[in-house]
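Encoded as structure tokens, the structure appears first; notes follow it.
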Amino acid sequence: MSVDSTAPTEPSVDNPAPLIEPPRARTAKTPKATRTNFELYGWLFMRLSGIVLVVLVIGHLLIQLVLDGGVTKVSFAFVAGRWASPFWMTWDLVMLWLAMLHGANGLRTIINDYAERANTRFWLKMLLYTATVFTVLLGTLVIFTFDPNI
Amino acid sequence: MSTPTLEKKSDGPARSEDATPYITVTFRLRRFNPEELEEAYWEDFTIEIDPKERVLDALHKIKWEEDGTLTFRRSCAHGICGSDAMRINGRNRLACKTLIKDINPEKPITVEAIKGLTVLKDLVVDMEPFFQAYRDVMPFLVTNGNEPTRERFQSAEDRERFDDTTKCILCAACTSSCPVFWNDGQYFGPAAIVNAHRFIFDSRDEAGEQRLEILNDRDGVWRCRTTFNCTDACPRGIEVTKAIQEVKRALITRRF
């Protein structure tokens, strides 16, 4: 029985199944087996960074929004005072890196799951990586070169 | 010769006249015939049937008495061969294990092909991608060295370790209920992982490492989102998501 002659070329609402060349055919487009542990490390990183982020983010929100007068106290002077201490610089730096990588990896899996065409998938991920690298570098630069006498 | 049977038959109609067990049920079937129409469409069949019968009996009744072109797979009709997995009222089930009274026969019962695989005709899908994923995880015993002259011994505890995943009948109800599989069909899918689990945790097998390596790749266990659709869909009651998590844990403990 020939599948290709009868099946539609594009998945549609009525035929939601993607046309997969049987049998999971290894075509020229099929990515090679990576034989790396990248996905394992990615999965593990999500769990571990998630645990750390719960502490970091809830602590951050408490300090910024709840304790000591709440959000009204946040000003340039308040931020400058906090970043005078290496402890808060480290806190914010770790939070920035973990949150950005955690979010980026999460979005990467979402793009992998939902993007339907290889091209869409590629460009969405490129956009994601560019945005992530830009935000992480900019944030890191600000934390390290912050000058309270600006 | 068979007087008891005859006697039973003679007073059978008398009983059923008082209270007929038959009710009227509408079956809304997803029809697709590429030789006639490019689009799939819903078609309603209203039949008289005993609610204690199964959806498969209803499909037979429709095929044999109303529309002979209705196409579906079934072999043993007793929940073992795994041929007749289909989406009944939006859930993947075996038509031969689903009683009509259990799925609210007052409303039309929808029956459609399982999702994520190319529909060939009506309720029949192309299972080849599913079986290719199954073959890819090497679902057979691999051993080194000389064959023993007698059977390979295994303790009851070692057998118990993978008992749950031996129940798989390869009906594809789990894989075709998995939203990750629906997208591009490249994910190995729950069924292949369950059958890999069956050998990875078998004390007699020696290729567990190879199978773990296969499932460690891009489309392996790490694409599982733990949505439990597979566990809900399994007609054999296998704890599919748990098996997938055990493979993940085996991969992690192997690495660290």
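Letters A, B, ... mirror the listed sequences (proteins, then strands); counts begin at 1. When reading the values below, keep in mind they use all heavy atoms of this one structure, side chains included, and skip hydrogens, waters and symmetry mates.
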Hey, could you give me each pair passing side chain to side chain donor-acceptor pair (under 3.5 Å) that has a residue in residues 164-179 of chain B? Not counting sequence neighbours.
B/Asn92-B/Ser176, B/Asp164-B/Lys167, B/Thr165-B/His197

Using a 3.5 Å distance criterion without hydrogens, assess whether the side chain of A/Asp113 forms a donor-acceptor pair with backbone atoms of B/Val180.
no

What's the spacing between B/Leu251 CG and A/Glu39 CD if we round to 0.5 Å?
12.0 Å

Could you give the distance from CG (B/Asp217) to OG1 (A/Thr36), rounded to the nearest 0.5 Å?
7.0 Å

Listed partners of A/Thr132 passing side chain to side chain contact (heavy atoms under 4.5 Å, CB included), at least two apart
A/Met100, A/Ala104, A/Leu128, A/Val136

Can you name the residues of residues 40-59 of chain A that have some heavy atom under 4.5 Å away from a heavy atom in chain B?
A/Leu40, A/Tyr41, A/Trp43, A/Leu44

With a strict 4.5 Å heavy-atom criterion, list every residue of residues 71-96 of chain A that contacts chain B, or say none.
none

If you count heavy-atom pairs under 4.5 Å with chain A, which of B/Arg225, B/Arg223, B/Glu112 comes out on top?
B/Arg225

Please flag which part of B/Lys121 lies under 4.5 Å from any non-hydrogen atom of chain A: side chain, backbone, both or neither.
neither

Using a 6.0 Å cut-off, check whether atom CD of A/Gln64 has over 12 heavy atoms from anything other than its own residue.
yes

Is there a side-chain contact between B/Asn183 and A/Glu116, using heavy atoms and a 4.5 Å cut-off?
yes

When you look at CH2 of B/Trp42, are more than 12 heavy atoms from neighbouring residues, nucleotides or ligands closer to it than 6.0 Å?
yes

In terms of heavy-atom proximity below 4.5 Å to chain B, should A/Tyr114 be classed as side chain, backbone, both, or neither?
backbone

